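Position 1 is the first residue of the sequence, and the numbers go up from there. Just so it is clear, the structure is predicted and the values come from calculations on it, not from any experiment.
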Amino acid sequence: AVLKADLITTKQTDSLVTINQSIEDLHNANLEVSSISPAKNKSLFIPNNNQAFVFGFELAGAFTFFCINNSSLYIKQYDHDARLGAHITKIKNYLSDPDSFNLDWSNFPFESSHRLGAIFYNPDFSKCFQDDFHVTFIPFGEFQGLPIEILLTESYSGPYKSAPWALRKNSFTYANSVRQAYKEISSEETIVMNSFLGVGNPIFNMANRDSKVAPIDSPASHTEFGTRSINANLISLPETEEELASIGREFPSAKLMLQDEASEAELRNIDIAAYDAISFATHGILSRELRNVREPGLVLTKSGAISAPYKSSSIDGILTAEEISVLRINAEIVTLSACNTATVDVSSSSLNIKNLASAFKLAGVKNIVSTLWSVESTAALNINQSLFENWIGRDVSLSYAVRTAKLDYIENATELKAAPIFWGAHILLGPGRNKSIFGVESETDVDLITLEGEGTVTGISIVSPNKI
């Protein structure tokens, strides 16, 4: 369950060696809650005073959790009798049932949500992170696919809109491994965000190209709305055009690839590395959801191949995880406003890429907002728009903007649509700590006035409409 320090390869960092050795020491000491002095293991701790990591392991139904902040490491153990696995199963059964979109709060497993929430919100871990801390969770075992935001911070059973969700306490980001989390540690920095690329509303059915709203795609469950999942046929998503246009208006420069342009061939024809932010608003698929598709992918407009060098041998309208992973993308953020883009695809033919979010990570993207299950289209639209409105040009971190977008959605939604199945799927994979400002376009004339003294101009940015 725990790697010994002498088994860590030389390619791994000294911090990981320290982490594993410290975990082994704590495990062998059989301590329920403990901390390590920063003077003893300085490389173990996080340099930021408002950030914490939570990770752990599972062995024979027993769970061990660790929380690290800028000064201490805390450990909490739960034996098999705690039945954490059973509580996880209850919540996942709710999240995987399409009928849950139509169920009121009396059908939500509040008790299980509270039992699992108590892992993070208890007197011991409250010493590790406080309200409004940035918490990075490294999922493991049965916790894969379970967003911490939908857990309760106290016992509760009642309407969704007033529930004490963990989302109200903290901003959460996720990492694929402890190593990745430590590699991406950074202080809050301000970055320039100039350009946006939006890809959406691909054409699946020529007869529906003039529609304005997605048709109902799950008549068997009597839904009154569409999701960005698939059944027998792919439904059009015309509302994604306004979703992407609204986001584009937040940037000095924006390119939208819609309908016929939202094709794999057209996407490969542009310099995708030139964009600071990218959003895909379409259908996300898992392997074997469409015939002959053996790995997760994004569905785009199908078009014939054109004469150009490509990474893939065919332009089939499916941008697969493996094809994404070899693209060169420099974006600070990619949002995947589609279904199941963070879902681990155990049936994928790819040995190394199990979901679309991981594929974009391999392509060079720092932050990916992705989804853990089928998303309702209007909720996806609102959250995707809101996170950019809350972040671009505002003095807040990306993780805070994602949190605020979901809180705003709950506040404005009806009681039924305030259920976590509508907003909980959207998670942020990446550090999420940077703030954003607008840069000056290259053709903009700027008069530089110095007060006194000499120096070197290393960069110029607009920080407000009338201040440089």
Side-chain angles (χ1 to χ4, degrees), residues 2-24 36 38 41-57 65-73 128-129 133-140 143-144 148 170-191 273 276-277 321 324-334 336 341-342 344 351-370 397-400 402 427-436:
V2 181
L3 294 176
K4 293 185 180 295
D6 58 359
L7 296 180
I8 303 296
T9 67
T10 56
K11 293 182 179 180
Q12 292 177 293
T13 65
D14 292 339
S15 294
L16 275 178
V17 175
T18 307
I19 290 170
N20 281 279
Q21 186 62 62
S22 301
I23 290 173
E24 183 182 3
I36 300 175
N41 293 292
K42 290 183 179 180
S43 61
L44 174 66
F45 302 103
I46 302 168
N48 308 312
N49 59 10
N50 63 343
Q51 186 177 9
F53 288 173
V54 178
F55 59 99
F57 65 87
F65 292 87
F66 304 91
C67 185
I68 300 175
N69 59 20
N70 68 332
S71 63
S72 301
L73 183 151
C128 186
F129 62 88
F133 262 45
H134 174 132
V135 179
T136 298
F137 181 56
I138 299 93
F140 64 95
F143 279 86
Q144 292 276 359
I148 307 307
N170 297 100
S171 301
F172 290 90
T173 58
Y174 297 80
N176 289 326
S177 66
V178 175
R179 180 182 184 183
Q180 182 188 79
Y182 268 83
K183 182 180 179 180
E184 294 181 339
I185 287 179
S186 65
S187 58
E188 288 188 351
E189 298 178 351
T190 301
I191 58 173
D276 301 316
I324 292 167
S325 69
V326 296
L327 295 174
R328 185 173 66 89
I329 307 177
N330 294 327
E332 178 71 20
I333 178 175
V334 167
L336 303 176
T341 53
V344 175
L351 297 177
N352 300 313
I353 309 169
K354 292 302 183 182
N355 58 43
L356 291 170
S358 296
F360 278 99
K361 268 289 182 186
L362 290 173
V365 181
K366 299 178 181 66
N367 298 281
I368 302 102
V369 176
S370 51
S397 68
L398 176 57
S399 64
Y400 182 86
V402 173
I427 63 170
L428 174 56
L429 178 69
R433 291 185 59 81
N434 285 343
K435 302 176 182 179
S436 70

Query - Point-to-point distance, once rounded to the nearest 0.5 Å, from CG of Leu336 to CG of Leu429 - result: 10.0 Å

**Report entry** Residues in side chain to side chain contact (heavy atoms under 4.5 Å, CB included) contact with Lys435, at least two apart in sequence or another chain
**Finding:** Glu188, Thr190, Asp395

Query - Non-neighbouring partners of Phe129 that pass ring-ring contact (aromatic ring centres under 6.0 Å, His included), sequence neighbours left out - result: Tyr121

Query raised in the report: Who are the side chain to side chain contact (heavy atoms under 4.5 Å, CB included) partners of Ser171, not counting sequence neighbours?
Result: Ser399, Tyr400, Arg403

Report task. Measure the spacing between CZ of Phe66 and CZ of Phe57 and express it to the nearest 0.5 Å. Result -> 5.0 Å

Report task. Please assess Val135 against Ile148 for the test side-chain contact (heavy atoms from CB on, under 4.5 Å), listing each intermediate value before the final yes or no. Result -> CA-CA 10 Å; Val135 179; Ile148 307 307; over 6 Å; no

Query raised in the report: At their closest point, which heavy atom of Ala175 faces which heavy atom of Gln180, and how far apart are they?
Result: CA-OE1, 3.3 Å

Report summary line: Distance col, row Ser370:OG vs Asn367:CG, nearest 0.5 angstrom, shows 11.0 Å

Requested in this report: For residues Phe360 and Ile368, report the shortest heavy-atom separation together with the two atoms involved.
Outcome: CB-CG1, 3.9 Å

Query - Exam field: side chain Asn69 to backbone Ser71, donor-acceptor pair closer than 3.5 Å - result: yes

**Report entry** OG1-CD distance between Thr173 and Glu184, expressed to the nearest 0.5 angstrom
**Finding:** 8.5 Å

Requested in this report: List the steps and the verdict of side-chain contact (heavy atoms from CB on, under 4.5 Å) for Arg433 and Asn48.
Outcome: CA-CA 11 Å; Arg433 291 185 59 81; Asn48 308 312; 3.6 Å; yes

Query raised in the report: With distance as the sole test, does Lys366 use its side chain to make a donor-acceptor pair with the main-chain N or O of Ile333 at under 3.5 Å?
Result: no

Report summary line: One should read off an interatomic distance between Ile138 CD1 and Tyr182 OH, to the nearest 0.5 angstrom, of 8.5 Å

Query - Euclidean distance, Ser397 OG relative to Asn434 CG, rounded to 0.5 Å - result: 9.0 Å

**Report entry** Min side-chain heavy-atom separation Ile46-Phe53 under 4.5 Å
**Finding:** yes

Report task. Sequence neighbours left out, what passes side chain to side chain contact (heavy atoms under 4.5 Å, CB included) with Ala331? Give chain and number order. Result -> Ile278, Ile329, Val334

Query - Identified side chain to side chain contact (heavy atoms under 4.5 Å, CB included) counterpart of Val369 within the set Leu398, Ile427, Leu428 - result: Leu428

Query raised in the report: Can you find a heavy atom in the side chain of Thr136 that is under 4.5 Å from one in the side chain of Gln51?
Result: yes

Query raised in the report: How about Phe143 and Phe65: are their ring centroids closer than 6.0 Å?
Result: yes

**Report entry** Minimum side-chain heavy-atom gap Ile68-Phe55 below 4.5 Å
**Finding:** yes

Report task. Tell me, please, which residues at least two apart from Phe172 pass ring-ring contact (aromatic ring centres under 6.0 Å, His included). Result -> none

